[in-house]
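Working notes, structure below.
No hydrogens, no waters, no symmetry mates; every other heavy atom, side chains included, goes into these values.
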Amino acid sequence: MSRDKITFFSRFEADILSGKKNITIRDKSESYFRRNQELAVFTNETDRFFANIKILSVTPIQYDELNEQYAQQENMSLAELKTVIREIYPNDNAFFVIHFELI
């Protein structure tokens, strides 16, 4: 993955474009993003461009620290968030919250 690109599953596209989803939780392999970095956003499945974002912050977090606030920023319930994280990262507990805004 290029440092000027990020991908999301296409099911999150509408929430990102509407501003309902303004964070993403990633593992260490995607912790290199930095504050004020501008990224082109593509769908994970088809590599189709759909937005540009600006990184506001990158903050470490443990799986057990996920709470309703993070779930709201992901536009889902806490149970849904934890399920999605476990589906993508079944064996990890250390993550990074990447807070972003559309540009």
Side-chain angles (χ1 to χ4, degrees):
M1 175 184 291
S2 167
R3 300 274 174 168
D4 59 352
K5 173 182 178 179
I6 190 169
T7 63
F8 287 86
F9 290 112
S10 58
R11 68 181 185 246
F12 299 126
E13 181 177 355
D15 284 347
I16 292 167
L17 292 174
S18 70
K20 292 178 182 175
K21 176 178 171 62
N22 59 17
I23 66 167
T24 184
I25 299 172
R26 305 291 174 109
D27 69 359
K28 185 178 181 180
S29 72
E30 292 187 272
S31 65
Y32 54 81
F33 297 114
R34 64 190 184 282
R35 188 174 183 270
N36 293 323
Q37 184 177 9
E38 295 182 0
L39 303 171
V41 183
F42 292 79
T43 58
N44 188 56
E45 300 89 344
T46 62
D47 203 40
R48 178 181 49 80
F49 171 81
F50 69 89
N52 287 298
I53 61 171
K54 180 179 179 179
I55 303 299
L56 301 176
S57 64
V58 179
T59 309
I61 190 169
Q62 293 295 309
Y63 179 81
D64 291 338
E65 296 173 324
L66 294 174
N67 60 34
E68 289 293 339
Q69 177 186 351
Y70 297 110
Q72 287 175 358
Q73 290 176 296
E74 288 270 14
N75 195 34
M76 58 182 76
S77 71
L78 182 56
E80 288 172 314
L81 175 59
K82 288 189 167 196
T83 298
V84 167
I85 295 295
R86 278 294 171 235
E87 287 173 354
I88 299 169
Y89 308 108
N91 301 311
D92 292 338
N93 286 306
F95 299 99
F96 293 83
V97 176
I98 301 168
H99 185 200
F100 60 87
E101 65 181 2
L102 283 171
I103 54 173

Side chain to side chain donor-acceptor pair (under 3.5 Å) involving [X] - partner list, sequence neighbours excluded:
X	value
Asn44	Thr7
Asn36	none
Gln72	none
Ser57	none

Open item on the list: Using a 4.5 Å cut-off between side-chain heavy atoms of Ile, Leu, Val, Met, Phe, Trp and Tyr, which other residues end up in the same hydrophobic cluster as Leu56?
Closed with: none

Open item on the list: Who clusters with Phe49? Use side-chain heavy atoms, under 4.5 angstrom, across I, L, V, M, F, W and Y, and order the result by chain and number.
Closed with: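 Besides Phe49, the hydrophobic cluster comprises Phe42, listed by chain and residue number.
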
Task: Residue pair Phe8, Val41: steps toward the side chain to side chain contact (heavy atoms under 4.5 Å, CB included) verdict - done: CA-CA 7 Å; Phe8 287 86; Val41 183; 3.4 Å; yes

Task: Residues Glu101, Asn22; criterion side chain to side chain contact (heavy atoms under 4.5 Å, CB included); working and verdict - done: CA-CA 6 Å; Glu101 65 181 2; Asn22 59 17; over 6 Å; no

Taking the side chain as everything from C-beta on, heavy atoms only, tell me whether [X] gets closer than 4.5 Å to [Y].
X	Y	answer
Ile85	Leu66	yes
Leu39	Asn52	no
Ile55	Val58	yes

Open item on the list: Per the side chain to side chain donor-acceptor pair (under 3.5 Å) rule, what does the pair list look like for residues 58-68, sequence neighbours excluded?
Closed with: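 Not a single pair qualifies under side chain to side chain donor-acceptor pair (under 3.5 Å).
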
Open item on the list: Strictly by side chain to side chain donor-acceptor pair (under 3.5 Å), give each pair with a member in residues 82-92 just once, sequence neighbours left out.
Closed with: Arg86-Asn93

Supply the atom-to-atom distance [X] [atom1] to [Y] [atom2], rounded to the nearest 0.5 angstrom.
X	Y	atom1	atom2	answer
Gln69	Glu74	CD	CD	12.0 Å
Thr24	Phe33	OG1	CZ	8.5 Å
Ile53	Gln37	CD1	CD	9.0 Å
Ser31	Phe95	OG	CZ	12.0 Å

Open item on the list: Which residues pass the ring-ring contact (aromatic ring centres under 6.0 Å, His included) test with Tyr70, not counting sequence neighbours?
Closed with: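 Result, ring-ring contact (aromatic ring centres under 6.0 Å, His included) vs Tyr70: none returned.
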
- [ ] Check Ala71 against Ser77 and note the closest heavy-atom contact, atom names and distance.
- [x] CB-C, 3.6 Å

Task: Non-hydrogen atoms of Glu30 and Ile6 that approach each other most closely - done: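 Taking every non-hydrogen atom into account, OE2-CG1, 4.5 Å.
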
Residues 12-20 side chain polar contacts: donor-acceptor under 3.5 Å, at least two apart:
residue	atom	partner	partner atom	Å
Glu13	OE1	Arg48	NH2	2.6
Glu13	OE2	Arg48	NH1	3.3
Asp15	OD1	Asn75	ND2	3.0
Asp15	OD2	Asn75	ND2	3.0
Ser18	OG	Ala14	O	3.2
Ser18	OG	Asp15	O	3.1
Ser18	OG	Lys20	N	3.4

